[in-house]
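Okay, structure first, notes after.
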Amino acid sequence: MPDKEFIAVSLKNAIESGSVCWEAPSNIALVKYWGKKENQIPANPSLSFTLKNCKTTTTLNYVKVSENATLSEEIEFDVIFEGVKKESFKPKIATFFKRILPFCSYLKAFRFEVVSENSFPHSSGIASSASGMSALALCVMSLEKSLFPKIEDDFFYKKASFLARLGSGSACRSIKGDLVVWGEHKEIPLSSDAYGIQYPFKIADVFKDFQDTILLVDKGKKQVSSTVGHNLMHGHPFAAARFQQAHDHLSALIPIFKNGDLAAFIKIVEREALTLHAMMMSSDPYFLLVKPNTLAIIHKIWEKREESNIPVCFTLDAGANVHMLYPSKNKEEILEFVKNELVVYCENGHYICDEIGEGSKKL
Ligand code: DP6
């Protein structure tokens with residue numbers, strides 16, 4: 001079992017208490033993860049831009065409760081989110097701890113307090129599970145590092161991504177920047193279903209400071225969670241073709257990233273976004289996360305591209321918000337376009353300016 005390398009040997013630990021803090025960004029998938037097997041194994045490889053401004057900062061406070069790590073099978077913890085104790089966040093974190101326990105049995109010796117905040121409003125429709133789970137996984141790894149000081153950086157980040165994946169699949173792509181691949185792909189050496197790796201090939205300069213302006217169409221809670229959506233890919237009539245398409249899109253992107261072919265890039269990225277939503281619309285039961293304003297924005301982006309020749313395009317995650325992607329040299333004109341023509345479609349006129357980032361940071 002390849003997961004074996006991540007099992008920490010149990011030890012009598014000398015640490016009484018401590019605190020670690022990490023900040024981790026969100027990411028936006030260009031090739032989408034949609035569909036998974038048991039144990040958070042993706043049905044197809046995915047690839048994402050790591051973001052810079054949308055991030056979660058998490059402090060993990062820990063106190064030893066037992067001398068050796070054998071007493072409890074359940075981790076005891078509290079969650080404080082943006083200054084308030086949050087019972088409603090506990091089940092997801094409890095699931096995370098349960099899933100990582102076989103790989104981090106030392107956790108049983110401690111009681112935790114998870115103190116977290118987002119740089120973006122919680123009710124923005126932006127999923128915080130990627131940034132939140134990766135920040136928490138990194139905190140766990142810092143604790144592991146103080147127990148096992150010999151851990152090297154390479155293993156530290158690989159296991160952080162592995163643990164983050166067990167919390168939320170896309171979170172494993174939020175540890176590092178700027179372009180991350182998760183899932184085995186025959187043309188990408190060392191790619192793995194178990195964790196994300198930095199995209200290993202050449203990336204043309206135009207992609208290195210790409211912008212992502214997130215147009216907040218609907219800030220409400222999603223009616224269908226990603227986890228439910230992933231599960232609806234089991235038995236989906238188009239699943240096999242979709243998974244193959246993701247492999248093909250990744251192959252096609254390799255020369256595109258190298259040569260900076262923006263027209264070809266746009267075709268793949270928009271097709272990925274629309275295919276993701278087409279899968280939702282053709283699931284059983286079917287569901288629809290895009291809203292009329294999502295479509296209005298897409299049409300506006302197409303018009304803008306046609307008339308200005310600016311290589312601006314869109315992608316979507318599992319919601320109604322639109323991520324508008326474009327090179328930094330077009331920033332001024334695109335932000336004018338947002339103010340003049342797109343804010344009317346955003347809830348309360350809200351949007352977030354983000355760009356490609358370098359990944360997580362220890363604070
Ligand atoms: C549409 O990572 O949120 O954003 O593993 O169940 O937590 P879980 O799902 P999640 O799914 C993300 C789906 C997506 C596409 C993507 O980010 O690749």
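Note that ligands are numbered from 1 as they come in the structure, with each ligand's atoms numbered from 1 the same way. In what follows, every heavy atom counts, from backbone to side chain, and hydrogens, waters and symmetry copies are set aside.
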Can a salt bridge be assigned to the pair [X] and [Y] using a cut-off of 4.0 Å between side-chain N and carboxylate O?
X	Y	answer
E347	K291	no
K158	E152	no
D78	K86	no
R242	E272	yes

With nothing but distance in play, are any N or O atoms of [X] less than 3.5 Å from an N or O of ligand 1?
X	answer
G167	no
T227	yes
Q40	yes
S170	yes
S168	yes

Has K36 got any heavy atom lying under 4.0 angstrom from an atom of ligand 1?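 Yes, K36 has heavy atoms under 4.0 Å from ligand 1.
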Only distances under 3.5 Å count here; give the side-chain donor-acceptor pairs of residues 162-176 to other protein atoms, sequence neighbours excluded, each with its distance to 0.1 Å.
| unit_1 | atom_1 | unit_2 | atom_2 | d |
| --- | --- | --- | --- | --- |
| R165 | NE | Q40 | O | 2.8 |
| R165 | NH1 | A194 | O | 2.8 |
| R165 | NH2 | N39 | O | 2.8 |
| S168 | OG | S129 | OG | 3.4 |
| R173 | NE | N27 | OD1 | 3.3 |
| R173 | NE | S48 | OG | 2.8 |
| R173 | NH1 | S46 | OG | 2.8 |
| R173 | NH2 | N27 | OD1 | 2.8 |
| S174 | OG | P25 | O | 2.8 |
| S174 | OG | N27 | ND2 | 2.9 |

Should one rank R165, K32, M133, R173 by closest heavy-atom distance to atom 16 (C) of ligand 1, which comes out on top?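 Considering heavy atoms of R165, K32, M133, R173, the nearest to atom 16 (C) of ligand 1 sits in R173.
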